[in-house]
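As the structure is a computational prediction, the values presented were derived from the model and not from experiment.
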Amino acid sequence: MIGKGNRVRIPGLSAPSGPQRALIVASFVSRVGNGLFNTASVLYFTLVVHLPAAQVGVGLTIAGLVGLLAGVPAGNLADRYGPRTVWLTALAMLTATMAAFVLIHDWVTFTLVATLDRLAATAAGAAGGALVARADGERPAAFRARLRTFVNLGVILGNLGAAFAVSVGTRPAYTALILANAASFACAGLIALRGVPNYRPLPRPEEHHRAAVLSDRPFVSFVALHGAMGLHYQAVSLLLPIWLSAHTDAPRWTVAAVSAVSSGVCVLLQSRIGSRVETPRQGGRAFRLAGLAFLVSCPLMALTADVPAWVAPGLAVLAVGVHSLGEVWESSGGYALGFGLAPDHAQGQYQGLLGVGFNAGQALAPVVLTTAVLGLGHTGWLLLGAFFAALGAAAPPVAAWAERTRRPSPGTACTTPGRPDETRLPDPA
């Protein structure tokens, strides 16, 4: 952002185009709503709706698994009819399903609404990714890093609002959170409708088909890699809080402190680092650096159980700081590979499959982390760090393999494996 006079200039945040600015604002608004709802959702379903926790878990699992089915089909629709149209439709569905949560009274209705919500969210992710690709301009890495920075800021602000509502603890307070999240989707859609062009679909080669992405073995391999590496998010948000409370004498405020540090590091470093990770080859190296950072952070988290109570908070903050640096590398590499390996005419389909892989990993993460890692204690943490390092080490060979299967002609970007690309449009959540 460029200011006048003595205003501070933030690296990597200057001069976004009109469509980019609209996408950033729309994504920021919707993520504020996400932060409001996601932080308090389980408490609402259990304490206000009075559903048993086990039923909530089963319902959310069903919704998450069914939601995966929308990824590639929604991406195909975005490629065929234009990403903005599909994204706006998905946001309208999210507005309706989120508002419907205030009306649920039983498990069947809850599961149905949650499933429709996950289908819409998956569709929004696929179409939003294609929209980002169409608006990325001359410096796509800088734009994507800027976008993620504001997404993180939105979640942080939403979390703060949710904390206030949870402290009140009344049904009207929770209802306000839900309706605010619904409104955030509607506002995001209106911002995109006014500020983002209705990009026309790109010409597709004759051999393109609805499941073309599934025959792109290098990309499918990256999807699996990306989904597995995504476990690192819940290593901090789920696993570490359980570890700190059950295995250390650290004060309770430590969990809030490490969450704040994680968010802060990502906001401060995302643009600075992410804007430099542009090509798939650079993305592979960023993944490798992320794996090494996780290899260091996981043992540090384990060591919080072996130090005095007054040392544990500082060690936890250090561990999460290193881990968050790895998160910045991982997300930057994921953007470079996820967008850079996808043909322009099929960005929706490719982003849809990438979202399916990531969400599948997130669905499995609680079971894997709480059983395998917590069950093995210190050894589990060490194995988790080694697992992340191995995934990171595999990324550069996968990136090189993918680039070998793409033969872009001079002046064009990568496209369908073995085919030259149409020229990338100049100046897309």
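Counting all heavy atoms, side chain and backbone alike, Leu391 lies closest to Met229 at CD1-N, 3.6 Å. In terms of heavy atoms, Ala162 sits closest to Leu177 at CA-CD2, 4.1 Å. In terms of heavy-atom proximity, Trp329 sits nearest to Val277 at CZ3-CG2, 4.1 Å. Ala126 and Gly352 get closest at one heavy-atom pair: CB-CA, 3.6 Å. A pairwise comparison of heavy atoms in Val223 and Leu353 identifies CG1-O, 3.7 Å as the closest pair.
Scored by the side-chain hydrogen bond (donor to acceptor under 3.5 Å, both in side chains) test, Ser41 finds no partners at all (sequence neighbours excluded). Qualifying side-chain contact (heavy atoms from CB on, under 4.5 Å) partners for Thr371, counting only residues two or more places apart in sequence or in other chains: Val367. Under the side-chain hydrogen bond (donor to acceptor under 3.5 Å, both in side chains) criterion, Asn359 pairs with no residue at all, not counting sequence neighbours. Every residue two or more places apart in sequence or in another chain was checked for a salt bridge (charged side-chain N to carboxylate O under 4.0 Å, His left out) with Glu330, and none qualifies. A search for ring-ring contact (aromatic ring centres under 6.0 Å, His included) contacts involving Phe358 returns His226, Tyr233, not counting sequence neighbours. Take Thr279 and apply the side-chain contact (heavy atoms from CB on, under 4.5 Å) test, not counting sequence neighbours, and it matches Arg281, Gln282. For the side-chain contact (heavy atoms from CB on, under 4.5 Å) test, residues two or more places apart in sequence or in another chain that qualify with Trp253 are Pro251, Ala257, Pro313. Qualifying side-chain hydrogen bond (donor to acceptor under 3.5 Å, both in side chains) partners for Gln362, counting only residues two or more places apart in sequence or in other chains: Gln234. Annotation: side-chain contact (heavy atoms from CB on, under 4.5 Å) contacts of Ala63 (sequence neighbours excluded): Ala114, Thr115, Arg118. Among residues two or more places apart in sequence or in another chain, the ring-ring contact (aromatic ring centres under 6.0 Å, His included) test is passed with Tyr44 by none.
A heavy-atom distance below 4.5 Å is not found between the side chains of Ser221 and Leu225. At least one side-chain heavy atom of Ile273 sits less than 4.5 Å from a side-chain heavy atom of Leu325.
Here the straight-line distance linking atom CG of Leu153 with atom CD of Gln270 works out to 11.0 Å at 0.5 Å rounding. The CG atom of Leu337 sits 8.5 Å away from the CD atom of Glu403 when rounded to the nearest 0.5 Å.
Listed by first and then second residue, the ring-ring contact (aromatic ring centres under 6.0 Å, His included) pairs involving residues 113-140 amount to none (not counting sequence neighbours).
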**Residues Phe45, Ile104; criterion side chain to side chain contact (heavy atoms under 4.5 Å, CB included); working and verdict** = CA-CA 9 Å; Phe45 297 135; Ile104 63 172; 3.8 Å; yes
**Request:** Might you work through the side-chain hydrogen bond (donor to acceptor under 3.5 Å, both in side chains) test for Asn181 and Ser184, ending with a clear yes or no?
**Result:** CA-CA 5 Å; Asn181 192 18; Ser184 75; 3.3 Å; yes
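Between the side chain of Gln351 and the backbone N or O of Gly75 there is no donor-acceptor pair closer than 3.5 Å. With Arg134 contributing its side chain and Arg200 its backbone, the two residues share a donor-acceptor pair below 3.5 Å. Of the possible donor and acceptor atoms, one in the side chain of Gln349 sits under 3.5 Å from a partner among the backbone N and O of Val213. Thr109 places no side-chain N or O within donor-acceptor distance of the main-chain N or O of His105, the cut-off being under 3.5 Å. Without hydrogens or angle criteria, Thr97 side chain to Leu94 main chain gives a donor-acceptor distance under 3.5 Å. No side-chain donor-acceptor contact under 3.5 Å links Ser262 to the backbone of Val258. Within the 3.5 Å criterion, the main-chain N or O of Gly67 finds a donor-acceptor partner in the side chain of Thr122.
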Throw together a table of side-chain donor-acceptor distances under 3.5 angstrom for residues 286-310, partners on residues two or more places apart or in other chains.
unit_1: Ser297; atom_1: OG; unit_2: Ala293; atom_2: O; d: 3.4
unit_1: Ser297; atom_1: OG; unit_2: Phe294; atom_2: O; d: 3.3
unit_1: Ser297; atom_1: OG; unit_2: His323; atom_2: ND1; d: 2.8
unit_1: Thr304; atom_1: OG1; unit_2: Trp243; atom_2: NE1; d: 3.2
unit_1: Thr304; atom_1: OG1; unit_2: Met301; atom_2: O; d: 2.5
unit_1: Asp306; atom_1: OD1; unit_2: His378; atom_2: NE2; d: 3.3
unit_1: Asp306; atom_1: OD2; unit_2: His378; atom_2: NE2; d: 2.8

